[in-house]
Amino acid sequence: MATKTTVSKAAPAPKQAAAVYDESSIQHLEGLEHIRLRPGMYIGSLGDGSNENDGIYILLKEGIDNSVDEFSQGFGKKIDIEIKDGRVKIRDYGRGIPLGKLEDCVSNVNTGAKYNNSVFKQAIGMNGVGIKATNALSSYFRAASIRDGKMAVVEFKKGEKVSGKTGKAKDGVPNGTYLEFEPDAELFGKYAFNMEYVEKRLWNYAYLNPGLKLKCNGKEYLSENGIQDLLISEMGGENKSLYKLFNYKGENLQFVLSHTASLDKYVYSFVNGQSTEDGGTHVTAFLDGFSKGVNEYFKKDYDIKDVTAGLIVALKIGLDNPMFTSQTKNKLGNVEIRAPIIKEVQLAVDDWLRHNPDIAGNLEDKIIKNQKARAEINSVTEKQVREAAKSVMLKIPKLKDCRYHLQDGPKGENSMIFITEGDSATGSMVGSRDVSYQAIFSLKGKPENMYGRKKSALFENEELKNLTFSLGVQKDIEGLRYNKIVIATDADNDGYHIRNLVMTYLLLYFEELILTGHVFILETPLFRVRNKTKTVYCYTEESRDKELKKMGASAEVTRFKGLGEINPSEFGQFIFPRKEGESEDKGMHLTPVSIQSLKNVPEVLKFYMGKNTPERRDFIVHHLAAEIDA
């Protein structure tokens with residue numbers, strides 16, 4: 001256990017002379033060098049594997065994607081995967097990378113066959129970077145290809161080639177590609193693969209590629225009915241559906257849908273086998289097309305909110321040239337697909353309803369129930385909203401607002417609100433935030449546990465009413481004022497309890513904010529380690545010990561017990577994005593809050609916020625750092 005040390009104010013560092021800027025300052029970095037220097041450009045965050053979007057899972061994904069692309073082109077029906085002690089092995093049984101180009105394909109950026117649509121159509125990887133990033137960011141990387149009795153092998157360490165050879169393959173060895181790599185611990189830290197996250201990805205591969213058998217550490221992943229199996233799994237069983245599933249398959253568009261008793265819609269979308277968790281043009285076009293098809297059939301003008309409330313759909317499209325909004329491919333940006341998708345979905349839905357009058361009746365009953373439910377909710381809350389608005393319209397208590405919001409277009413794209421507790425923590429943040437896009441809402445203490453309470457009760461609670469108005473979601477989530485909702489509480493028992501209470505409030509009344517990726521946890525450093533020349537902030541005891549060893553006996557350690565202990569001059573660096581070229585320990589650390597499937601929400605809320613059982617108390621004591629992440 002760390003001992004708290006009283007630290008005197010360090011003397012200011014001597015001012016350094018400006019560096020000379022001339023021809024020698026200009027550097028040329030080869031492809032893999034650039035990936036190692038700027039990994040965030042290629043895989044997002046690095047991370048230690050505790051979050052499903054951490055970089056080690058992107059490295060795994062890039063390796064598997066190439067094998068899945070082979071299957072999608074009709075070559076190889078199985079993929080063998082082993083993940084053990086941080087090392088990954090992947091073997092497919094496709095055509096195998098052409099032997100003479102194996103080294104180029106795994107090390108030269110912008111080299112590959114997927115630019116040639118006659119060879120690879122609708123492949124997941126299209127930009128020639130993916131597997132090169134896996135190579136560059138691995139302490140060890142090996143690739144082998146077997147084609148018609150011949151083979152080639154090449155090995156790298158940290159992106160540098162160490163060996164390569166070609167020759168005759170062993171008799172009877174089938175064609176295909178083999179990859180083996182170990183993410184570089186110097187970059188990722190002490191990482192570990194969470195097999196729950198891995199299994200989710202493998203099941204998605206299976207659902208999106210019916211007939212493909214993936215085998216990982218002895219467990220098989222195989223789906224015969226594709227995205228229909230996915231939808232049934234996410235619903236928690238076909239019996240949750242209000243009518244028989246509608247399964248449509250066109251040339252480049254496939255979807256399976258139904259309605260549940262819920263008022264929330266759920267869209268599981270994919271492009272060329274890539275999960276697009278942030279949606280994109282294909283999702284908005286599908287919803288518009290579905291609504292148009294329903295209204296065309298019923299000759300009505302139902303609101304799209306009532307048509308899609310309770311809708312659950314798995315959507316899969318294929319594109320030769322997908323344009324994603326980032327290297328990690330979470331959101332599709334192709335605008336030219338909107339009109340074709342709207343038209344195809346509209347015609348398919350209209351035809352489906354004409355051939356299934358019983359389903360059409362069930363669907364219209366659901367839409368009418370949605371109308372009544374929405375009207376009832378509005379009637380219950382509208383008066384409360386108007387009454388509540390009178391007290392908060394001019395100035396919301398405890399809100400330190402920012403200048404720009406989501407409604408302000410590009411200026412508000414980075415807008416965020418920090419939900420803190422107590423005046424000391426708020427004071428540190430107020431003194432260091434950027435007023436243009438960072439707002440702060442300060443809780444008085446532990447908010448009320450709203451588990452099991454109706455939405456009308458929300459406006460009877462002064463603090464949560466004010467928070468709701470601060471977020472702008474008092475009528476619906478379309479009024480959301482900030483792109484990121486950041487829960488910033490202390491790293492102790494009380495802090496984690498407050499975090500869970502806030503997330504209960506969000507899950508009960510504004511679940512879609514979490515499902516659409518707007519909610520985050522702010523991670524702040526636990527230790528400050530410094531000597532006369534250097535100051536480092538550490539998020540774990542391991543990194544603290546590492547820095548102490550580097551700095552030597554003169555180093556001093558401060559343990560931060562709460563946000564209020566970090567003064568404004570220090571706090572600023574923990575609430576601003578990491579600057580270009582800075583290491584992973586710099587800048588703001590945000591952990592996204594996610595819900596893996598809709599069927600888990602009630603169970604999660606019941607466990608965390610229901611009756612105070614000994615089981616939950618024991619869990620909280622032993623997992624203080626765990627957030628709701630079902």
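Keep in mind that this is a model prediction, so the values were computed, not measured.
- Atom CD of E336 sits in a crowded spot, with more than 12 heavy atoms from other residues, nucleotides or ligands closer than 6.0 Å.
- Counting heavy atoms from C-beta outward, F286 and L257 have side chains that approach closer than 4.5 Å.
- The cationic group of K213 does not satisfy the cation-pi geometry with Y221, failing either the under 6.0 Å distance to the six-membered ring centre or the 45° limit from the ring axis.
- A salt bridge links K305 with E478; the closest basic N to acidic carboxylate O contact falls under 4.0 Å.
- Note on E512 versus K265: salt bridge recorded, some NZ/NE/NH1/NH2 to OD/OE distance being below 4.0 Å.
- E52 has no carboxylate O lying under 4.0 Å from a charged side-chain N of R201, or vice versa, which leaves the two without a salt bridge.
- K484 forms a cation-pi arrangement with F520, by the criterion of a distance under 6.0 Å to the ring centre and an angle within 45° of the ring axis.
- Of all heavy-atom pairs between K77 and L212, the closest is O-CD1, 3.6 Å.
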E277/K200 under salt bridge (charged side-chain N to carboxylate O under 4.0 Å, His left out): CA gap, chis, key distance, verdict: CA-CA 13 Å; E277 294 179 357; K200 178 189 173 184; 3.7 Å; yes
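- Across every non-hydrogen atom of L231 and V256, the tightest pair is CD2-O, 3.6 Å.
- Annotation for N295 and Y302: closest pair OD1-N, 2.8 Å, computed over non-hydrogen atoms.
- Heavy-atom minimum distance, A261 versus K366: O-NZ, 3.4 Å.
- Between I56 and F193, the closest heavy-atom pair is O-CE2, 3.6 Å.
- The pair K299-E364 fails the salt-bridge criterion, with no side-chain N (NZ, NE, NH1 or NH2) lying under 4.0 Å from an Asp/Glu carboxylate O.
- Residue I337 forms a side chain to side chain contact (heavy atoms under 4.5 Å, CB included) with just one option from L253, V271, N252, L332, and that option is L332.
- Of the charged side-chain nitrogens involved, none lies within less than 4.0 Å of a carboxylate oxygen, so that D350 and K292 do not count as a salt-bridged pair.
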The test is side-chain contact (heavy atoms from CB on, under 4.5 Å); show your working for S241 and T260 and say whether it passes. CA-CA 5 Å; S241 173; T260 68; 5.9 Å; no
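- For an aromatic pair to be called close, the ring centres must be under 6.0 Å apart, and Y197 with Y57 satisfies this.
- Using a 4.5 Å cut-off on side-chain heavy atoms (C-beta onward), N53 and P592 make contact.
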